[in-house]
Amino acid sequence: MVTKDQIVQWLQAFATLLEQNKDYLTELDSEIGDADHGINMDRGFKKVMSQLSSVADKDIGSILKTVSMTLISNVGGASGPLYGTLFLRAGTAVADKQELTDEDMAKLLQAGLDGVKERGKAQLGDKTMVDVLSPAVTNFHQALNEGKNAITALQQAVTAAEQGMKDTIPMLARKGRASYLGERSVGHQDPGATSSYLMLKSLLATLES
Amino acid sequence: MVTKDQIVQWLQAFATLLEQNKDYLTELDSEIGDADHGINMDRGFKKVMSQLSSVADKDIGSILKTVSMTLISNVGGASGPLYGTLFLRAGTAVADKQELTDEDMAKLLQAGLDGVKERGKAQLGDKTMVDVLSPAVTNFHQALNEGKNAITALQQAVTAAEQGMKDTIPMLARKGRASYLGERSVGHQDPGATSSYLMLKSLLATLES
Amino acid sequence: MKKLINKPEDFVRESLVGMAVAHPDLIKVHFDPNFVYRSDAPMQGKVAIISGGGSGHEPMHTSFVGMGMLDAACPGEVFTSPTPDQMLEAAKTVDGGAGVLYIVKNYSGDVMNFEMATELARTVGIRVFNILIDDDVAVKDSLYTQGRRGVGTTVLAEKICGAAAERGYDLQQVMDLCRRVNLNGRSMGLALTSCTVPAKGTPTFTLGDNEMEMGIGIHGEPGRERMAQKSADEMTEMLALSIIEDSTYSRTVREWDEDGGEWVDVELIDQPFQRSDRVLAFVNSMGGTPISELYIVYRKLAEICQKQGIQIVRNLVGPYITSLEMQGCSITLLKLDDEMIRLWDAPVKTPSLRWGI
Amino acid sequence: MKKLINKPEDFVRESLVGMAVAHPDLIKVHFDPNFVYRSDAPMQGKVAIISGGGSGHEPMHTSFVGMGMLDAACPGEVFTSPTPDQMLEAAKTVDGGAGVLYIVKNYSGDVMNFEMATELARTVGIRVFNILIDDDVAVKDSLYTQGRRGVGTTVLAEKICGAAAERGYDLQQVMDLCRRVNLNGRSMGLALTSCTVPAKGTPTFTLGDNEMEMGIGIHGEPGRERMAQKSADEMTEMLALSIIEDSTYSRTVREWDEDGGEWVDVELIDQPFQRSDRVLAFVNSMGGTPISELYIVYRKLAEICQKQGIQIVRNLVGPYITSLEMQGCSITLLKLDDEMIRLWDAPVKTPSLRWGI
Ligand SMILES: Nc1ncnc2c1ncn2[C@@H]1O[C@H](COP(=O)(O)OP(=O)(O)O)[C@@H](O)[C@H]1O
Ligand SMILES: Nc1ncnc2c1ncn2[C@@H]1O[C@H](COP(=O)(O)OP(=O)(O)O)[C@@H](O)[C@H]1O
Ligand SMILES: [Mg+2]
Ligand SMILES: [Mg+2]
Ligand SMILES: [Mg+2]
Ligand SMILES: [Mg+2]
């Protein structure tokens with residue numbers, strides 16, 4: 001079971017990781033984008049942190065929806081609507097819950113991924129967040145199907161996410177700003193894929209601790 | 001006697017020296033001015049060179065006045081009117097002459113200096129061309145008065161000019177653009193003083209050869 | 001960082017405050033969410049035109065708010081699309097009952113945020129549509145990319161549609177016009193230096209003393225190709241010919257279907273320039289290039305157009321859609337018809353574009 | 001050299017050609033000698049206003065030619081005063097019989113060349129006077145320097161005197177007005193980067209990443225003091241207070257005495273700003289600083305003026321008197337009276353300043 005406190009801790013851990021990786025993410029975005037991804041995500045999650053206490057007594061679904069609204073109205077760019085939609089759908093998938101079963105976790109992740117894909121229209125291989133989220137979700141499902149628990153499943157998901165992140169390096173971008181670079185987008189790791197990996201990594205770390 | 005040919009050769013030698021020192025003069029002008037003195041003088045004397053053949057059969061006064069007009073309408077800045085006036089007055093002082101006595105040379109130099117002082121209102125010590133021209137003219141007169149010939153007098157004048165040029169280094173500028181720098185003008189050699197030294201140096205070199 | 005700023009995070013806000021105190025006769029500024037709007041908004045019965053995008057492109061869009069151009073502009077963080085709440089609040093503030101057109105530059109962030117705003121505005125009963133500007137010929141195909149970026153044509157569309165709305169065109173007419181302007185405008189830009197995003201503090205990319213980036217966007221991102229810096233005439237020729245010789249371009253865009261109440265895909269095709277076309281030639285500074293150099297480019301552009309039989313009948317030369325302090329320029333050619341010429345010439349009174357009044 | 005130019009020696013000419021083809025409705029360009037003039041010149045019976053100076057300060061002066069502002073402008077080489085033959089030919093071309101005013105910035109080169117032009121114009125029977133602009137408070141005294149430089153107030157004087165001439169003021173009235181504008185305007189500027197003179201090809205000076213030059217002129221020359229770069233608010237305060245707290249300044253200038261037919265020395269004294277003065281606040285980019293940063297400066301300037309009891313009643317924000325691509329800004333405050341306000345508001349139609357028409 002994942003508790004509400006753990007969800008809150010996860011958000012805090014992700015926020016901390018974003019702060020630590022702000023320059024790194026921005027640096028990645030200057031190679032094939034416009035040098036703001038770390039700044040955007042850090043701004044958004046700083047705002048999330050400032051709102052968190054006011055909703056900490058609500059259910060998990062409401063908390064995630066508040067995260068969504070905060071991101072949507074504070075991040076902007078591509079990552080604002082994408083992460084905003086991810087958390088909105090995730091929240092909707094686990095509406096009203098105070099704690100989450102392994103199945104709930106699977107639904108949450110799947111819904112988040114679906115939201116990103118619907119909003120951004122990116123496919124696997126387009127060099128975006130999807131290249132991290134999609135293999136992660138697939139591996140999570142598979143591990144659960146194989147009878148593993150959520151933590152083990154998440155470990156496998158994060159391993160797949162890290163691989164997915166690295167796999168974006170040789171890819172030619174087909175979505176987002178990097179796609180304008182054509183061939184020149186090859187050889188660089190996608191910033192959004194990297195922040196998505198950090199999101200999953202911080203989730204795992206929270207559940208493990 | 002200084003012949004008309006020598007005057008023409010002098011102008012050519014000065015033009016060559018300006019071309020060679022274009023970057024140096026401009027560099028001096030970037031320290032305490034606006035980085036154009038070498039460019040200005042080179043542009044002006046290139047134009048003088050292109051006009052010289054058309055007046056080479058005229059008298060010395062006319063040649064110098066043509067130089068003046070060419071400088072006035074092609075140099076601009078402070079050095080355009082100053083050198084323009086110098087050559088105008090010099091030409092007027094030796095109007096109609098086909099060759100110049102030592103006395104004529106003295107008049108020519110004196111008239112040029114007077115023109116610069118009248119046009120620019122600079123005094124000795126203001127860190128301008130005057131700090132080169134004034135001691136040069138004084139020494140030329142003095143040497144002639146001591147019975148020396150024009151070449152020897154000019155040698156002394158050029159020595160004084162070189163000293164005058166170096167003396168501008170510690171000076172605080174009181175005229176021209178460098179005066180805006182206040183104390184910061186100290187420690188830099190004046191570009192206009194330097195081009196005036198080159199003018200006299202090329203005159204000496206021509207008469208000596 | 002060679003900037004006149006205080007804290008980087010205050011850059012956008014403080015700049016907006018400055019605009020508000022400098023131009024109270026023309027505009028007002030709303031904070032949290034941020035948007036600039038006409039001081040006489042809402043104009044009853046007039047279609048309202050709203051644009052927006054990341055900050056750092058000034059004067060676009062905030063300084064184009066005023067009579068005959070935009071009713072509101074939503075500035076995001078530097079090079080970051082604004083958020084739906086800004087767009088929604090702006091729509092609520094300036095809607096005069098005749099509906100609202102969002103003019104949106106084709107970047108994934110802008111598109112997604114404006115689409116969300118459109119959905120939100122529809123739920124509160126405001127008739128909103130959005131039209132995309134995607135005119136950057138440096139982006140070659142639309143199948144394997146996000147599609148062409150919206151660049152210089154945006155400024156021209158805002159002016160022309162603003163004039164149309166001012167003259168009483170209804171929402172459908174303004175939308176059709178905006179689409180027409182977009183389909184007739186093409187642009188391309190180059191950078192001689194990078195710019196520095198204030199929050200990042202260092203240049204987005206570094207160029208050697210003799211290098212340039214060809215085919216850049218307006219967000220300090222690298223272009224299609226890095227190459228040796230060339231003479232102004234050669235650079236102008238590269239941009240101009242890329243624009244003039246660009247062939248038919250087609251793309252699928254999402255537009256709101258009012259009857260169905262949902263997004264539908266629409267295929268749009270623009271046609272290449274042809275001899276005897278009349279155009280507006282727009283030579284734009286990326287911010288750090290002075291106007292003296294733009295005229296050198298304009299001179300060559302006029303020569304090229306003449307050779308190609310293209311007739312420049314209007315022009316705009318200056319820094320209008322910039323990337324902070326980046327040095328470089330872009331060229332936009334917009335094919336004009338009589339109606340567009342009339343609307344271009346119509347009076348405009350904004351902080352940065354003004355004539356006829 | 002990060003410039004859109006061809007050969008450095010063609011910079012000025014090609015830029016003028018570009019202007020000529022871009023704005024045939026407003027201006028014409030004469031080459032050899034170079035000057036830009038109103039396409040409808042000479043205006044019979046109207047006082048003609050001519051300015052000029054080195055190139056590299058665009059849009060000043062060439063882009064200020066047109067209805068309600070300058071009749072002609074004489075551009076020199078970059079940062080080099082134009083020559084008397086340019087000024088003379090310009091005067092001959094635009095004199096409509098009511099005489100000519102040369103507006104001259106106080107640099108030794110400009111002053112000497114314009115004085116020579118005045119003498120020449122007088123010999124061919126044109127009634128010419130020249131009035132100096134010397135408003136840069138960074139230059140402390142007039143006794144041991146060339147006197148204060150002419151900077152931002154020049155733009156304002158050209159607009160205000162241009163409007164007066166357009167309204168039929170006679171030569172004496174325009175001269176008196178120009179002198180009054182100068183005595184009521186003060187400026188100061190700073191640089192964050194150097195600029196590069198095209199013919200030289202390298203920056204005039206080099207500044208460290210965290211350095212700035214305070215009290216610069218407009219020719220890329222170093223300023224009064226090099227110091228650590230500060231926040232926008234601190235920089236604005238340094239400029240604004242230097243201007244506002246500047247005390248009485250007196251200098252001797254040479255003006256043409258028509259009766260005597262010679263130059264006479266005239267002593268002029270301007271008075272410090274006072275509480276309740278109404279001013280025009282002009283925040284200017286040195287060329288490479290974008291307008292977004294100017295608004296940050298304007299915001300702080302407005303705050304300071306308010307604290308000092310000085311009332312900003314008009315403003316101008318943008319790149320109007322520049323030093324090529326230099327980053328930095330300058331502030332000008334001009335004390336206004338009712339007449340000056342009316343003339344400032346009067347219609348103007350030039351390539352770079354336009355309103356009311
Ligand atoms: N259409 C899309 N679908 C999925 N992810 C996208 C899409 N467009 C962009 N992204 C992701 O967003 C990231 C960039 O985010 P960010 O830099 O914050 O926004 P912007 O590109 O607007 O500056 C990219 O690295 C990519 O992973
Ligand atoms: N009033 C003056 N009297 C004498 N010489 C002057 C005066 N003003 C300037 N100069 C000389 O002119 C030189 C600068 O010339 P130049 O750089 O060509 O013109 P500008 O200062 O207009 O850029 C100075 O180094 C100085 O020697
Ligand atoms: Mg980005
Ligand atoms: Mg100089
Ligand atoms: Mg962005
Ligand atoms: Mg000069």
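Sequence lines set the chain letters: A, B, ... in the order given, protein chains first and strands last, and positions in each chain run from 1. Just so it is clear, the model here is predicted, and its values are computed rather than measured.
Atoms OG and NZ, on D:Ser108 and B:Lys175 in that order, are 9.0 Å from each other to the nearest 0.5 Å. Here the CD1 atom belonging to D:Ile216 is positioned 12.0 Å from the CG atom belonging to B:Leu181, to the nearest 0.5 angstrom. Taking OG1 from D:Thr80 and CG from B:Asp34, the interatomic distance works out to 6.0 Å, rounded to the nearest 0.5 Å.
By the neighbour-count criterion of 12 heavy atoms within 6.0 Å, atom NZ of B:Lys4 is densely surrounded, having more than that number from other residues, nucleotides or ligands. Dense packing is recorded around CD of D:Glu267, with more than 12 heavy atoms of other residues, nucleotides or ligands lying under 6.0 Å away.
By number of non-hydrogen pairs under 4.5 angstrom with chain B, the leading residue of D:Met116, D:Arg226, D:Glu221 is D:Met116. When each of B:Gly38, B:Ala78, B:Ala173 is scored by its heavy-atom pairs under 4.5 Å with chain D, the top score falls to B:Ala78. When D:Ala199, D:Gly220, D:Pro203 are compared by the number of non-hydrogen pairs under 4.5 Å with chain B, D:Ala199 comes out ahead. Across B:Thr85, B:Asn74, B:Asn40, the residue that shares the most heavy-atom pairs under 4.5 angstrom with chain D is B:Asn40. Among the candidates D:Gly54, D:Pro84, D:Gly76, the residue making the largest number of heavy-atom pairs closer than 4.5 Å to chain B is D:Pro84.
Side-chain contact check for D:Lys200 versus B:Ile39: some heavy-atom pair is nearer than 4.5 Å. Using a 4.5 Å heavy-atom cutoff, the side chains of B:Asp36 and D:Glu77 are not in contact. Residues B:Arg43 and D:Glu9 fail the side-chain proximity criterion, which asks for heavy atoms closer than 4.5 Å. Counting heavy atoms from C-beta on, the side chains of D:Gln146 and B:Lys121 never come closer than 4.5 Å.
Of the two parts of D:Val78, only the backbone, made up of N, CA, C and O, holds a non-hydrogen atom closer than 4.5 Å to a non-hydrogen atom of chain B. With a 4.5 Å cut-off on non-hydrogen atoms, D:Pro82 touches chain B through its backbone but not through its side chain. Of the two parts of D:Glu89, neither the backbone nor the side chain holds a non-hydrogen atom closer than 4.5 Å to a non-hydrogen atom of chain B. For D:Gln86, no part sits under 4.5 Å from any heavy atom of chain B, backbone or side chain. Both the backbone and the side chain of D:Phe79 come within contact range of chain B, each with at least one heavy atom under 4.5 Å from a heavy atom of that chain.
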Can you list the steps and then say if D:Glu213 with B:Arg184 is a salt bridge (Lys or Arg N to Asp or Glu O under 4.0 Å)? CA-CA 12 Å; D:Glu213 284 278 340; B:Arg184 285 177 84 184; 2.7 Å; yes
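Here D:Arg224 does not pair with B:Glu183 in a salt bridge; the nearest charged N to carboxylate O distance is not below 4.0 Å.
At least one donor-acceptor pair under 3.5 Å links the side chain of D:Asn113 to the backbone N or O of B:Gly77.
Taking all atoms of both residues into account, the shortest heavy-atom contact from B:Gly33 to D:Pro222 is O-CD, 3.9 Å.
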